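See below for the structure under consideration.
Because only heavy atoms are used, hydrogens play no part in the values below, and waters and symmetry mates are left out as well, while side chains stay in. As the structure lists them, so they are numbered: ligands from 1, and atoms in each ligand from 1. Since the model is a prediction, treat every value here as computed from it, not as a measurement.
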Amino acid sequence: MYTGKARAYTNIALIKYWGKKDEHLIIPMNSSLSLTLDAFYTETSVQFDENLTEDLFVLDGQKQDTKQTTKISKFLDLVRKEQNLALFAKVDSQNYVPTAAGLASSASGLAALAGACNEALDLQLTEIELSRLARRGSGSACRSIFGGFAEWQKGDSDQTSFAQGIPSDHWEDELAMLFVLVDDGVKDVSSRDGMKRTVESSSFYSGWLETVEADLATAKQAIAEKDFNKLGEVTEANGLRMHGTTLAAVPPFTYWSPESLKVMQLVRSARQQGLPCYFTMDAGPNVKILVEKKNLSTLKNHLATHFSKKQLIEAYAGPKIALIPLERSEK
Ligand code: ADP
Ligand code: DP6
Ligand code: CO
């Protein structure tokens with residue numbers, strides 16, 4: 001029996017990954033940049049066991065259906081093939097993040113699974129190799145191997161597409177992200193389906209590709225200069241452009257809800273009152289607001305009359321993936 005367990009934190013992209021060049025290998029159309037966060041994470045254990053007759057996937061204590069389990073099996077097959085291993089596995093995962101709500105559960109979830117496999121089979125992968133493996137499960141997961149800021153260089157092959165940490169002189173420790181939870185239910189259009197439909201049918205997609213690499217360069221420059229407004233402005237603009245592409249897809253769709261628009265307006269009004277803060281959204285209606293730590297409580301006060309305490313979740317820069325020692329009973 002081979003067992004391993006890992007914890008990985010979610011990351012939110014400031015410059016978004018949106019579109020695949022290779023759907024099988026998960027090679028993206030564009031590079032992206034993210035901040036790993038401490039508030040949301042996944043813990044996953046994997047056990048390859050000769051007594052199992054099929055793969056099992058338990059998420060938050062619930063045995064998952066065939067569709068979800070097949071996704072996990074396909075990921076495990078990558079590792080099994082590489083290792084010439086013919087054992088089924090039990091994957092037991094706990095999400096400390098709402099699943100499939102646009103809060104990046106696939107990033108922490110698949111990074112944690114990759115980390116658990118690395119440990120269970122003693123693969124001794126480097127961080128870059130682990131990032132490449134996590135990428136095969138969910139693109140955004142390749143960035144959750146790293147703490148703080150990470151950049152996923154799109155590359156053009158399995159070998160060359162991976163994330164790396166960005167040198168930042170610990171600037172991320174001065175930043176915060178406020179999550180405004182307007183709906184933590186499962187979204188209608190998954191990230192995978194949403195980006196596929198956009199690439200295949202949106203007449204706005206070419207505009208996205210024309211601007212995103214310049215946005216990435218601006219974001220990296222802002223990090224190097226510790227220029228908060230520059231980073232915030234490009235984050236907000238890039239996120240809006242990503243969401244713009246979905247409106248021209250066939251059929252069209254949007255991840256925004258009326259509540260999302262309300263949060264965006266509140267961020268703009270906070271800025272007009274002299275509070276530097278900027279929003280971004282992923283494939284879901286929840287809004288994330290980038291703010292300097294020193295201004296976080298003022299921002300929360302600005303939102304407090306509109307949202308409950310439970311809806312406002314503070315997050316700070318989070319750490320890289322970590323192994324979790326197994327309890328004796330789990331070995
Ligand atoms: P999100 O915004 O939460 O990342 P996605 O649509 O990208 O939403 O991905 C959601 C999918 O990610 C889930 O349906 C499931 O297949 C997968 N997922 C989420 N959490 C885990 C986990 N802990 N372990 C394995 N897979 C997970
Ligand atoms: C909008 O990584 O969830 O959050 O690779 O198909 O699993 P798959 O998609 P996923 O897409 C994330 C899209 C995004 C932007 C981002 O995180 O960069
Ligand atoms: Co996801």
* So which of Gln68, Gln94, Gln64, Glu43 gets nearest to atom 13 (C) of ligand 1, if we judge by its closest heavy atom? -> Gln68
* Asked: Quick check: does Lys20 get an N/O under 3.5 Å from an N/O on ligand 2?
  -> yes
* Tell me which protein heavy atom sits closest to atom 9 (O) of ligand 1, plus the residue, atom name and distance to 0.1 Å. => Ser106 CB, 3.4 Å
* **Between OH on residue Tyr2 and CD on residue Gln83, distance to nearest 0.5 Å** => 9.5 Å
* Asked: How about Thr70 and Ser73: does a side-chain donor come under 3.5 Å of a side-chain acceptor?
  -> no
* To do: Please say whether Ser105 places an N or O atom under 3.5 Å from an N or O atom belonging to ligand 1.
  => yes
* Between Arg271 and Glu236, does at least one N-O distance fall below 4.0 Å, as a salt bridge requires? -> yes
* **Pi-cation contact, Phe162 with Lys154 (under 6.0 Å, within 45°)** => no
* To do: Name the closest protein heavy atom to atom 10 (C) of ligand 1, giving the residue it belongs to and the distance to 0.1 Å.
  => Ala100 CB, 3.7 Å
* Asked: Below 2.8 Å, any N, O or S contact between Ser106 and the Co ion (ligand 3)?
  -> yes
* Which is closest to atom 21 (C) of ligand 1 in terms of heavy atoms, Val97, Asp92, Asn95, Leu113? -> Asn95
* Under 3.5 Å between some N or O of ligand 1 and some N or O of Arg192? -> no
* **Distance-only N or O hit between ligand 2 and Asn11, under 3.5 Å** => no
* **Reported OG1-to-CZ distance for the pair Thr160 and Arg132, which is rounded to 0.5 angstrom** => 8.5 Å
* For Gly139, atoms of ligand 2 separated by under 4.0 Å from a heavy atom -> 2 (O), 5 (O), 7 (O), 8 (P)
* Asked: Who's the nearest protein heavy-atom neighbour of atom 11 (C) of ligand 1, and how far?
  -> Lys71 NZ, 4.0 Å
* To do: Count the heavy atoms of every other residue, nucleotide or ligand shown that sit under 6.0 Å from CD of Glu82, and state whether that count exceeds 12.
  => no
* Note the single closest protein heavy atom to atom 3 (O) of ligand 2, along with its residue, its atom name and the distance in Å. => Ser106 OG, 3.0 Å
* **Contacting atoms of ligand 1, where contact means under 4.0 angstrom from a heavy atom of Ser93** => 22 (C), 23 (N), 24 (N)
* Examine the proximity of ligand 2 to Ser32 and report which part, side chain or backbone, both or neither, has a heavy atom under 4.0 Å away. => neither
* Structure fact -> The protein heavy atom nearest to atom 24 (N) of ligand 1 is Phe57 CZ, 3.7 Å
* Asked: Does any N/O atom on Gly102 come nearer than 3.5 Å to any N/O atom on ligand 1?
  -> yes
* Is any side-chain N of the basic residue among Glu119 and Lys5 closer than 4.0 Å to the acidic one's carboxylate O? -> no
* Assess Lys288 against Phe279: is NZ or CZ under 6.0 Å from the centre of the six-membered ring, and within 45 degrees of the ring's axis? => no
* Asked: So, are Lys90 and Asp49 salt-bridged, with charged N and O less than 4.0 Å apart?
  -> no
* Min N/O separation Lys187 to ligand 1 under 3.5 Å -> yes
* To do: Would you mind checking if Lys293 and Glu174 are paired as a salt bridge, meaning a charged N to carboxylate O distance below 4.0 Å?
  => no
* **Heavy atom of Ala283, distance to ligand 1 below 4.0 Å** => no
* Asked: Should Asp282 be listed as contacting ligand 1, given a heavy-atom distance under 4.0 Å as the test?
  -> no
* **Value rounded to 0.5 Å, distance of CZ in Phe57 from CD in Gln68** => 6.0 Å
* Under 4.0 Å from any heavy atom of Ala283, which atoms of ligand 2 are there? -> 1 (C)
* Atoms in ligand 1 flagged as close to Ala101, the criterion being non-hydrogen separation under 4.0 Å -> 3 (O)
* Would you call the rings of His243 and Trp256 parallel, tilted or perpendicular if under 30° counts as parallel and over 60° as perpendicular? -> tilted
* Just which atoms of ligand 2 are under 4.0 Å from any heavy atom in Asp282? -> 1 (C), 4 (O), 14 (C), 15 (C)
* To do: Would you give the length of the straight line joining atom CG of Asn286 to atom OG1 of Thr280, rounded to the nearest 0.5 angstrom?
  => 12.0 Å
* **Residue that, paired with Ile289, satisfies side chain to side chain contact (heavy atoms under 4.5 Å, CB included) out of Leu299, Leu266, Leu312** => Leu299
* CZ/Phe307: more than 12 non-hydrogen atoms of other groups inside 6.0 Å -> yes
* Taking only heavy atoms of Met242, which atoms of ligand 2 are found under 4.0 Å from at least one of them? -> 1 (C)
* To do: Just need the protein heavy atom nearest to atom 7 (O) of ligand 2, so name the residue and atom and give the distance.
  => Ser138 OG, 2.7 Å
* Under 3.5 Å between some N or O of ligand 2 and some N or O of Ala141? -> no
* Between Asp77 and Lys74, is there a salt bridge with N-O shorter than 4.0 Å? -> no
* Show which atoms of ligand 1 fall inside a sub-4.0 Å distance from at least one heavy-atom site of Leu103. => 2 (O)
* To do: Check ligand 2 against Ala13 and write out every atom of the ligand that is under 4.0 Å from a heavy-atom position of the residue.
  => 16 (C), 17 (O), 18 (O)
* Asked: Does the N or O separation between Tyr17 and ligand 2 drop below 3.5 Å for any pair?
  -> yes
* Interfacing atoms of ligand 2 (cut-off 4.0 Å, heavy-atom, Ser140) -> 2 (O), 3 (O), 10 (P), 17 (O)
* To do: Let me see the working for Ser32 and Arg143 under side chain to side chain donor-acceptor pair (under 3.5 Å), right down to the final yes or no.
  => CA-CA 9 Å; Ser32 55; Arg143 300 184 308 236; 2.8 Å; yes
* Structure fact -> Near Met195 (heavy-atom distance under 4.0 Å), the atoms of ligand 2 are 9 (O), 11 (O), 13 (C)
* Hey, is Lys16 close enough to Asp282 for a salt bridge, meaning N to O under 4.0 Å? -> yes
* Asked: Quick one: does Val91 get a heavy atom under 4.0 Å from ligand 1?
  -> no
* Structure fact -> Ile72 heavy atoms within 4.0 Å reach ligand 1 at atoms 25 (C)
* Asked: Can an N or O of Ser191 be found at a distance shorter than 3.5 Å from an N or O of ligand 1?
  -> yes
* Asked: What residue and atom, counting heavy atoms only, is the protein's closest point to atom 22 (C) of ligand 1, and at what distance?
  -> Gly109 CA, 3.6 Å
* Asked: Can a non-hydrogen atom of Gly284 be found less than 4.0 Å from any atom of ligand 1?
  -> no
* Asked: Cut-off 3.5 Å, side chains only: do Glu43 and Tyr41 have a donor facing an acceptor?
  -> no
* Show which atoms of ligand 1 fall inside a sub-4.0 Å distance from at least one heavy-atom site of Thr42. => 23 (N)
* N/O donor-acceptor pair under 3.5 Å between Ser144 side chain and Ala141 backbone -> no
* Asked: Do you know which of Tyr96, Phe179, Tyr9 makes ring pair (Phe, Tyr, Trp, His ring centres under 6.0 Å) with Phe40?
  -> Phe179
* Asked: Is any N or O atom of Leu110, backbone or side chain, closer than 3.5 Å to an N or O atom of ligand 1?
  -> no
* To do: Give the atoms of ligand 2, by number and element, whose distance to some non-hydrogen atom of Arg143 is under 4.0 Å.
  => 16 (C), 17 (O), 18 (O)
